Enquirer: 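Take a look at this one; I'll ask things after.
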Amino acid sequence: MRHQVVIIGSGPAGLLLGALLHRAGIDTLILERQSRDYVLGRIRAGVLEQGTVDLLHKAGVGARLEREGLVHEGFALNFAGQSLRIDLEDLTGGRTVTVYGQTEVTRDLMDHRDASGAPTVYGAQDVTLHAFDTASPRVSYTRDGVSHDIACDYIAGCDGFHGVSRASVPAAAIEIFERVYPFGWLGVLADVPPCSHELIYAGHDRGFALCSMRSLMRSRYYIQCSVDERLESWSDDRFWDELRRRLDPVAAAHVVTGPSIEKSIAPLRSFVAEPLRFGRLFLAGDAAHIVPPTGAKGLNLAASDVHYLSEALIEAYTEKSAAGLNAYSARALARIWKVERFSWSMTTLLHRFESSSPFERRMQDAEFAYLQASRVARQSMAENYVGLPF
Ligand code: RFL
Ligand code: PHB
């Protein structure tokens with residue numbers, strides 16, 4: 001068997017790359033370790049930058065997003081009992097973000113791919129990359145006990161942080177930059193109306209809290225928790241009580257509680273692998289980098305990688321030019337590092353660090369006071385939140 005591009009992973013990065021390449025007449029095979037339902041069951045991101053929305057439209061999957069996505073013109077920062085609105089639209093000359101769940105993005109991309117006839121293998125086990133440092137790379141896998149070997153021109157490693165692609169690169173060829181934060185996020189999804197029509201990011205002495213949503217009837221809330229927290233020790237009631245303690249009184253009074261339909265703990269990490277290209281293997285999305293979710297950037301960063309990579313591959317096939325492929329790693333990394341910086345700074349501003357000295361706490365207070373006092377400071381936050389240009 002042979003395909004032009006083998007894409008490993010059917011998360012947002014792999015599916016979006018597949019859609020953009022298919023549109024350009026490039027033949028792709030997606031290999032996904034899990035089942036389709038398993039991938040759709042993971043509750044993750046909720047906020048899309050305009051650039052991501054535009055890319056989804058370009059890929060031909062914007063219709064439901066256009067109908068059901070909630071356009072947000074601002075969000076609130078709560079800090080030490082005070083609330084500050086970041087007016088995205090005003091501060092960025094009219095730019096906004098769209099609240100639309102990663103699950104829905106993934107479902108739209110999967111449906112679109114099925115309708116296009118492009119192949120995806122779910123439940124692909126033992127995916128192994130071969131000879132990607134030569135002109136004839138291959139990918140092998142097993143499915144239902146049968147082995148398969150696929151020849152291709154290029155391999156796109158879109159298989160997330162724990163995938164096989166980055167792990168296949170010799171350690172000496174890759175440099176890792178990493179910060180692991182000493183806390184996680186406990187997230188709850190519930191079919192209750194959101195406590196506010198905009199997102200609320202709350203820095204509090206008891207720890208960070210975030211009020212988000214998936215629709216006008218479905219809320220997504222997070223609270224900072226310790227890394228070794230056990231999910232079993234968080235009843236719904238305990239979660240709602242802790243959430244309300246960390247919000248300003250107005251927001252707390254508007255929290256509508258109800259049974260959780262999903263509850264999970266996510267660790268927080270900043271991570272970048274350099275470079276993103278190894279011969280004919282290209283890394284994109286969480287396979288190459290992780291940001292802590294405080295800036296709502298992970299999915300959006302996967303989309304911007306895919307923008308650069310899809311353009312480069314299309315150029316390689318249609319113009320027989322390797323210029324885009326040669327530039328991919330540097331172009332993508334330039335944007336990745338800026339987004340890493342923003343995600344780290346939002347995390348540092350809003351979380352409670354056990355190890356913080358009194359000086360460091362005062363630095364958090366001062367940063368919030370500066371945001372309150374300075375339009376330029378708010379503008380910088382807004383510019384990053386709506387998304388830096390591709
Ligand atoms: P994914 O989504 O992890 O998909 C990778 C896919 O590869 C498959 N895979 C393999 N397939 C074959 N063989 C193997 N050996 C394989 N190993 C893995 C996996 O099964 C999977 O299907 O990576 P991708 O596509 O790069 O997408 C990245 C995003 O999922 C991620 O960055 C975001 O979810 C991060 N994130 C957020 N991003 C935002 O832009 N806005 C947000 O509001 C936001 N909130 C969040 C988040 C992530 C969170 N968690 C749980 C980490 C909130 C949370 C709580
Ligand atoms: C979410 O809705 O899941 C969400 C929103 C904003 C973030 C992170 C996660 O910064």
Side-chain angles (χ1 to χ4, degrees), residues 43-47 72 74-86 99 181-214 218-268 292-296 343-358 360-369 371-372 381 385:
I43 306 298
R44 288 183 170 180
V47 177
H72 279 215
F75 65 87
L77 281 180
N78 276 192
F79 200 85
Q82 304 187 61
S83 187
L84 171 66
R85 180 163 186 264
I86 303 297
V99 171
Y181 298 87
F183 41 72
W185 279 16
L186 170 60
V188 157
L189 189 69
D191 278 333
V192 292
C195 69
S196 160
H197 68 288
E198 292 185 339
L199 270 62
I200 301 174
Y201 290 82
H204 190 277
D205 274 349
R206 298 183 64 90
F208 170 77
L210 169 60
C211 309
S212 181
M213 66 193 75
R214 289 293 175 274
R218 181 168 285 186
S219 300
R220 179 67 163 163
Y221 291 106
Y222 299 95
I223 55 174
Q224 176 184 350
C225 64
S226 73
V227 257
D228 44 21
E229 199 66 65
R230 289 174 52 243
L231 210 48
E232 306 79 70
S233 47
W234 283 89
S235 65
D236 289 353
D237 284 345
R238 184 177 172 207
F239 179 88
W240 295 119
D241 287 343
E242 185 59 34
L243 173 72
R244 281 182 293 213
R245 278 195 201 112
R246 299 182 187 189
L247 301 178
D248 72 89
V250 178
H254 282 96
V255 170
V256 181
T257 64
S260 62
I261 53 177
E262 194 263 1
K263 199 187 277 163
S264 53
I265 295 179
L268 264 67
T294 327
S343 302
W344 160 83
S345 73
M346 287 287 280
T347 304
T348 307
L349 170 66
L350 291 167
H351 287 75
R352 170 74 202 264
F353 291 74
E354 287 296 337
S355 63
S356 276
S357 64
E360 286 162 323
R361 302 246 178 102
R362 283 286 195 269
M363 287 296 100
Q364 289 177 315
D365 297 346
E367 174 130 14
F368 187 75
L371 281 163
Q372 271 181 316
M381 181 178 275
Y385 195 84

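Note that this is a predicted model, so its numbers are computed, not measured. Starting from 1, each residue takes its place in the sequence as its number.
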Enquirer: So how far is it from F368 CZ to L84 CG, rounded to the nearest 0.5 Å?
Expert: 5.0 Å

Enquirer: With F239, which residues qualify under ring pair (Phe, Tyr, Trp, His ring centres under 6.0 Å), at least two apart?
Expert: none

Enquirer: Quick check: do C195 and C211 have side-chain heavy atoms less than 4.5 Å from each other?
Expert: yes

Enquirer: Could you check whether any side-chain heavy atom of E262 comes within less than 4.5 Å of a side-chain heavy atom of R220, counting everything from C-beta outward?
Expert: yes

Enquirer: Between atom CD1 of I223 and atom CG of L186, what is the distance when rounded to the nearest 0.5 Å?
Expert: 5.0 Å

Enquirer: Spell out, as yes or no, whether a donor-acceptor pair under 3.5 Å connects the side chain of N78 to the backbone of D248.
Expert: yes

Enquirer: Just jot down the side-chain contact (heavy atoms from CB on, under 4.5 Å) partners of S219, sequence neighbours excluded, or say none.
Expert: V192, P194, Y221

Enquirer: Looking only at non-hydrogen atoms, find the nearest pair between L268 and P293 and report the distance.
Expert: CG-CD, 3.6 Å

Enquirer: Checking Q224 side chain against G207 main chain: does a donor-acceptor pair fall under 3.5 Å?
Expert: no

Enquirer: Taking the side chain as everything from C-beta on, heavy atoms only, tell me whether T294 gets closer than 4.5 Å to T348.
Expert: no

Enquirer: Can you name the residues that form a side-chain contact (heavy atoms from CB on, under 4.5 Å) with R238, not counting sequence neighbours?
Expert: E229, S233, W234, S235

Enquirer: Where is the tightest heavy-atom contact between R352 and D205, given as atom of each residue plus distance?
Expert: NH1-O, 2.9 Å

Enquirer: Using 0.5 Å steps for rounding, measure from the CE atom of M381 to the OH atom of Y201.
Expert: 9.5 Å

Enquirer: Return the minimal non-hydrogen interatomic distance between S260 and V188, and the atom names on each side.
Expert: CB-CG1, 3.8 Å

Enquirer: With a 3.5 Å distance limit and no angle check, can you tell me whether E360 reaches the backbone of S357 through a side-chain donor-acceptor pair?
Expert: yes

Enquirer: Go through the structure and list residues passing ring pair (Phe, Tyr, Trp, His ring centres under 6.0 Å) with Y222, not counting sequence neighbours.
Expert: W185

Enquirer: Name the one of D236, L189, I43 that satisfies side-chain contact (heavy atoms from CB on, under 4.5 Å) with K263?
Expert: D236

Enquirer: Can you tell if the side chain of L350 reaches within under 4.5 Å of the side chain of L210, non-hydrogen atoms only?
Expert: no

Enquirer: Looking at every non-hydrogen atom in both residues, tell me the closest pair between I200 and S196 and how far apart they are.
Expert: CD1-CB, 3.7 Å

Enquirer: Would you call L199 and Y385 a side-chain contact if the rule is heavy atoms closer than 4.5 Å?
Expert: yes

Enquirer: Considering only distance and modelled atom types, tabulate donor-acceptor pairs under 3.5 Å from the side chains of residues 249-259, sequence neighbours left out.
Expert:
| unit_1 | atom_1 | unit_2 | atom_2 | d |
| --- | --- | --- | --- | --- |
| H254 | ND1 | V250 | O | 2.8 |

Enquirer: Minimum heavy-atom separation for L243 to A209, with atom names?
Expert: CD1-CB, 4.1 Å

Enquirer: Got a second to check how far D365's CG is from R361's CZ, nearest 0.5 Å?
Expert: 9.5 Å

Enquirer: To the closest 0.5 Å, what do you measure between CG (D191) and CZ (R218)?
Expert: 4.0 Å

Enquirer: Just jot down the side-chain contact (heavy atoms from CB on, under 4.5 Å) partners of R206, sequence neighbours excluded, or say none.
Expert: H204, E242, R245, R246

Enquirer: Is the distance from the ring center of F183 to that of H351 below 6.0 Å?
Expert: yes

